[in-house]
Amino acid sequence: MLHGARIGSLIGAIFGLVFFLANSGPLGSPTANILEIVGIVLFLVTVYFGIFNSRDEIDANPPSRDAMRVYGIAVAIEVAALIGGLALIGLVLHAEYLSPMWIGLVVGVHFLPFAKAFGAPIFEILGIAMIAVAIIGALAGAIIDHRLSYWAAIVEGLLLFAAVIFGPIYNARHNAAAAS
């Protein structure tokens with residue numbers, strides 16, 4: 001049975017795969033086909049090592065009410081920001097290549113309050129990294145080549161996979177160092 005952190009890790013792995021699958025198509029064949037296969041393999045590796053074979057302790061205690069409140073508020077704001085921003089990008093700006101960068105930016109921002117709420121400092125690193133990649137990808141896509149935005153979204157999928165696999169190790173070390 002999956003508990004708290006592992007359910008969150010599974011969600012992270014699924015969204016890492018979504019970043020790969022949703023953003024590889026605009027890069028054209030055969031690149032898209034290769035990236036889709038790579039994404040699926042990385043997803044399976046992430047699920048195995050990051051979730052089912054993880055050496056982190058299973059937290060049988062549910063998150064606190066405050067943590068769940070932060071989670072609920074962050075997700076509600078995330079959904080509203082995604083809907084509004086994607087509508088603006090598609091209907092007003094007609095710059096669909098910016099959509100993955102908006103998604104990456106919003107997802108990155110939504111991770112920031114989780115770091116403290118769940119005692120998981122990896123969320124702060126993940127959030128900042130996703131925000132930086134989204135900004136760089138949007139600028140590169142707008143200035144150089146639209147496809148760079150889709151490549152940046154693939155990088156964001158990699159960040160999610162890495163956070164699932166290495167996050168528990170980082171969190172444990174960081175929290176142990178903070179406790180001493």
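In this text, all values refer to a predicted model and were calculated from it rather than measured experimentally.
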task: Find out whether I169 and I122 are in side-chain contact, i.e. whether some heavy atom of one side chain is under 4.5 Å from a heavy atom of the other.
output: no
Atom pair CG (L42) and CG (L35), whose distance is rounded to the nearest 0.5 Å: 10.0 Å
- prompt: Please walk me through it: do L112 and I131 pass side chain to side chain contact (heavy atoms under 4.5 Å, CB included)?
  reply: CA-CA 10 Å; L112 297 178; I131 291 166; 3.9 Å; yes
statement: Here the gap from L158 atom CG to I154 atom CD1, rounded to the nearest 0.5 Å, amounts to 7.5 Å
query: Which atom pair, heavy atoms only, marks the closest approach of I89 to W102?
result: CD1-CB, 3.4 Å
- request: For residues F20 and F43, establish whether the separation of their ring centroids is below 6.0 Å.
  value: no
Closest heavy-atom pair and its distance - A32, S24: CB-O, 3.1 Å
- prompt: Would I83 end up clustered with L93 when hydrophobic side chains under 4.5 Å apart are linked, directly or stepwise?
  reply: yes
Test log, rule side chain to side chain contact (heavy atoms under 4.5 Å, CB included), inputs E78 and V107: CA-CA 7 Å; E78 176 187 30; V107 170; 3.5 Å; yes
Which atom of A13 lies closest to which atom of I51, heavy atoms considered: CB-CD1, 4.4 Å
- request: Looking only at non-hydrogen atoms, find the nearest pair between E156 and M130 and report the distance.
  value: OE2-O, 2.7 Å
message: To the nearest 0.5 Å, what is the distance between CD1 on I40 and CD on E36?
response: 7.0 Å
message: Determine whether H146 and Y150 satisfy the following criterion, ring pair (Phe, Tyr, Trp, His ring centres under 6.0 Å), listing intermediate values before the conclusion.
response: CA-CA 8 Å; H146 294 346; Y150 298 105; 8.6 Å; no
- request: Over all heavy atoms of both residues, which pair between L160 and G16 is shortest? Give the atoms and the distance, please.
  value: CD1-N, 3.7 Å
message: Between H94 and G90 (side chain of the first, backbone of the second, donor and acceptor by atom type, cut-off under 3.5 Å), is there such a pair?
response: yes
query: Roughly how far, to the nearest 0.5 Å, is the CD1 atom of I73 from the CE atom of M68?
result: 11.5 Å
- request: If the plane angle is over 60° it's perpendicular, under 30° parallel, otherwise tilted; pick one for F118 and Y71.
  value: perpendicular
message: Side-chain heavy atoms nearer than 4.5 Å, only ILVMFWY residues, links allowed to pass through others: does that put L44 and I7 together?
response: yes
message: Around atom CZ of F15, are there more than 12 heavy atoms from other residues, nucleotides or ligands closer than 6.0 Å?
response: no
task: Report whether I11 and I103 are members of the same hydrophobic cluster (ILVMFWY, side-chain heavy atoms less than 4.5 Å apart, transitive linking).
output: yes
same_hphob_cluster(M101, L86) at 4.5 Å side-chain heavy-atom cutoff: no
message: Is it the case that the side chain of N23 and the backbone of F19 share a donor-acceptor pair, with hydrogens and angles ignored and the cut-off at 3.5 Å?
response: yes
statement: Taking every heavy atom of P100 against every heavy atom of S149, the minimum-distance pair comes out as CB-O, 4.5 Å
query: Hey, what do you get for OG (S9) to CZ (F161), rounding to the nearest 0.5 Å?
result: 12.5 Å
field: Transitive ILVMFWY side-chain link I136 to V109, under 4.5 Å
entry: no
E124, CD: over 12 other non-hydrogen atoms inside 6.0 angstrom: no
field: Inter-residue atom distance I125.CD1 - N171.CG, 0.5 Å rounding
entry: 8.5 Å
